[in-house]
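Since the structure comes first, as structure tokens, the remarks are kept for the end.
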Amino acid sequence: RNRATLQAAEVGREIAVAEYERAIQGAFREVADTLAARGTLGQQPDLCASYLELMRLRTAGRLNYRIDADDALRALPFPPMLLISLVENAVKHGIEPKPGPGTVTIAAERREGELRISVIDDGLGLQLGMGGGLGLANVRAQLETRYGARASFHLTGEPALGARAELRIPFGDNPLRDSPPGHEAP
């Protein structure tokens with residue numbers, strides 16, 4: 001009898017998560033389309049928070065997240081859809097396959113003339129062959145197109161100890177000013 005009650009509760013939870021996903025899917029796409037046109041650093045973690053909240057529900061509360069970004073930094077122009085790729089990787093490769101709870105932290109700071117944005121997870125860490133996927137290739141290409149050698153991307157970590165993806169962008173640069181050829185800056 002207890003097993004049947006637990007199974008019914010699990011089915012109910014799965015239905016609730018599926019309904020939640022359907023309800024926010026349209027809103028999430030609308031926000032993503034808006035941010036693709038113009039973005040600030042503050043909008044990017046907000047978009048990531050929506051995704052992370054969905055994943056928290058999907059993982060039955062195993063996923064926790066934290067966002068540390070000063071209000072002054074949140075107002076800065078920032079390339080759209082760049083941060084979400086790093087957050088998705090942290091969840092997919094770090095937290096989801098890890099047994100037990102895990103945390104993703106998004107942190108932004110100004111240090112040594114750079115804007116540094118990090119996505120840190122305490123998941124499975126870097127495994128052999130990781131770091132060469134399409135999402136990270138897109139991150140690298142977007143940084144190269146917008147900033148050239150003035151920006152960098154670093155991915156570090158140890159197996160079973162988590163991973164850290166860090167973007168370093170020259171402070172004060174307007175990444176939306178230097179649009180790729182054929183794409184006008186807003």
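- Side-chain N/O atoms of S152 and H154 include a donor and acceptor closer than 3.5 Å.
- Judged by distance alone, with hydrogens and angles left aside, the side-chain atoms of Q43 form a donor-acceptor pair with the main-chain N or O of T40 at under 3.5 Å.
- Of all heavy-atom pairs between G102 and D122, the closest is CA-OD1, 3.2 Å.
- Pairing each heavy atom of P45 with each of G42, the nearest pair is CD-O, 3.4 Å.
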With a 3.5 Å cut-off and sequence neighbours excluded, list the donor-acceptor pairs that the side chains of residues 75-83 form with protein atoms.
none

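- Here the CZ atom belonging to R164 is positioned 9.5 Å from the OG1 atom belonging to T105, to the nearest 0.5 angstrom.
- Side-chain atoms of T59 come within 3.5 Å of backbone atoms of R56 as a donor-acceptor pair (strictly under, hydrogens ignored).
- With values rounded to the nearest 0.5 angstrom, R74 atom CZ is found 9.5 Å from D70 atom CG.
- Here the closest heavy-atom approach between residue N64 and residue P101 is recorded as ND2-CB, 4.5 Å.
- Atom CD in E166 sits 10.0 Å away from atom CZ in F153 (nearest 0.5 Å).
- Contact record, V119 with I106: CG2-CG1, 4.4 Å, taken as the closest heavy-atom pair.
- Between the side chain of R150 and the backbone N or O of Y147, at least one donor-acceptor pair lies under 3.5 Å.
- For K98 and E96, the salt-bridge test fails: no basic side-chain N is under 4.0 Å from an acidic carboxylate O.
- You'll find the side chain of T103 stays beyond 4.5 Å of the side chain of Y65, heavy atoms only.
- Across P97 and V91, no two heavy atoms sit closer than the pair CD-O, 4.1 Å.
- Contact detail for G157 and L126: the closest heavy-atom pair is N-CD1, 3.5 Å.
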